[in-house]
Amino acid sequence: MEKVNHQKIIIGTLLKVLLMIVIIFILNSWPNIKQSFSGNVPAFSYWLDHSFKISNIILILGFGCYFYYKDLSDQKELIEKSKNTDQH
């Protein structure tokens, strides 16, 4: 009997969330990044204040939960399909 591999799901979810954090940080800081190319680098705290707002944190947590649930349900579905094919 196959079991759900929670460790694999958690690692996959964390990687997706980290990628999403990087993308959100780059999109929210793009004006600062463009400004830094010309030599006018704002303080790092200024970048963090504009990138990690409460709305972005809620978005990251929401998508993290969605990614976990989606991977968990997909893996359970695959286990059920393999059980059904083994019985026939």
Side-chain angles (χ1 to χ4, degrees):
M1 180 174 182
E2 294 183 47
K3 293 184 180 178
V4 175
N5 189 351
H6 289 282
Q7 184 178 8
K8 182 180 176 183
I9 293 172
I10 290 171
I11 290 171
T13 301
L14 287 176
L15 289 174
K16 290 175 188 174
V17 168
L18 286 175
L19 179 64
M20 196 169 75
I21 289 171
V22 168
I23 291 171
I24 288 173
F25 181 78
I26 290 171
L27 289 177
N28 285 335
S29 300
W30 187 248
N32 295 332
I33 293 170
K34 283 178 60 178
Q35 184 180 7
S36 69
F37 289 143
S38 64
N40 301 326
V41 181
F44 189 65
S45 61
Y46 178 79
W47 290 32
L48 291 178
D49 288 343
H50 290 285
S51 294
F52 293 108
K53 300 173 188 170
I54 191 72
S55 60
N56 290 341
I57 293 172
I58 291 171
L59 185 71
I60 290 167
L61 291 175
F63 272 105
C65 292
Y66 170 76
F67 291 145
Y68 179 80
Y69 174 75
K70 179 76 170 120
D71 290 345
L72 181 66
S73 61
D74 288 347
Q75 197 169 82
K76 284 182 179 180
E77 185 178 316
L78 285 173
I79 290 172
E80 286 298 319
K81 283 183 180 179
S82 68
K83 283 182 186 178
N84 290 338
T85 56
D86 289 343
Q87 291 176 356
H88 293 286

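The basis for the numbers below is simple: all heavy atoms, side chains too, and nothing from hydrogens, waters or symmetry mates.
Of the possible donor and acceptor atoms, one in the side chain of S73 sits under 3.5 Å from a partner among the backbone N and O of K70.
Sequence neighbours left out, not one pair with a member in residues 23-42 passes salt bridge (charged side-chain N to carboxylate O under 4.0 Å, His left out).
Using a 4.5 Å heavy-atom threshold, the side chains of H6 and L72 count as touching. At a threshold of 4.5 Å between non-hydrogen side-chain atoms, the residues V17 and F63 do not count as touching. Two residues are said to be in side-chain contact when any heavy atoms from C-beta on lie closer than 4.5 Å; K16 and D71 meet this criterion.
Distance CZ/F25 to CD1/I21: 11.5 Å, rounded to 0.5 Å. Rounded to the nearest 0.5 angstrom, N56 CG and L61 CG are separated by 11.0 Å. If you take CD1 on I57 and CD1 on I54, they are separated by 5.0 Å, rounding to the nearest 0.5 Å.
L59 and L19 are not part of a single hydrophobic cluster, where members link through side-chain heavy atoms under 4.5 Å apart. Hydrophobic clustering keeps L18 apart from I9 (ILVMFWY residues linked when any side-chain heavy atoms are closer than 4.5 Å, directly or through intermediates). In this structure, L14 is not a member of the same hydrophobic cluster as I23, with clusters built from ILVMFWY side-chain heavy atoms closer than 4.5 Å. There is a path of hydrophobic side-chain contacts, each under 4.5 Å, that joins I60 to F67.
Every residue two or more places apart in sequence or in another chain that forms a salt bridge (charged side-chain N to carboxylate O under 4.0 Å, His left out) with K81 is listed here: E77.
When every heavy atom of N5 is checked against every heavy atom of Q75, the shortest pair comes out as N-OE1, 2.6 Å. The two residues T13 and Y68 make their nearest non-hydrogen contact at OG1-CA, 3.5 Å.
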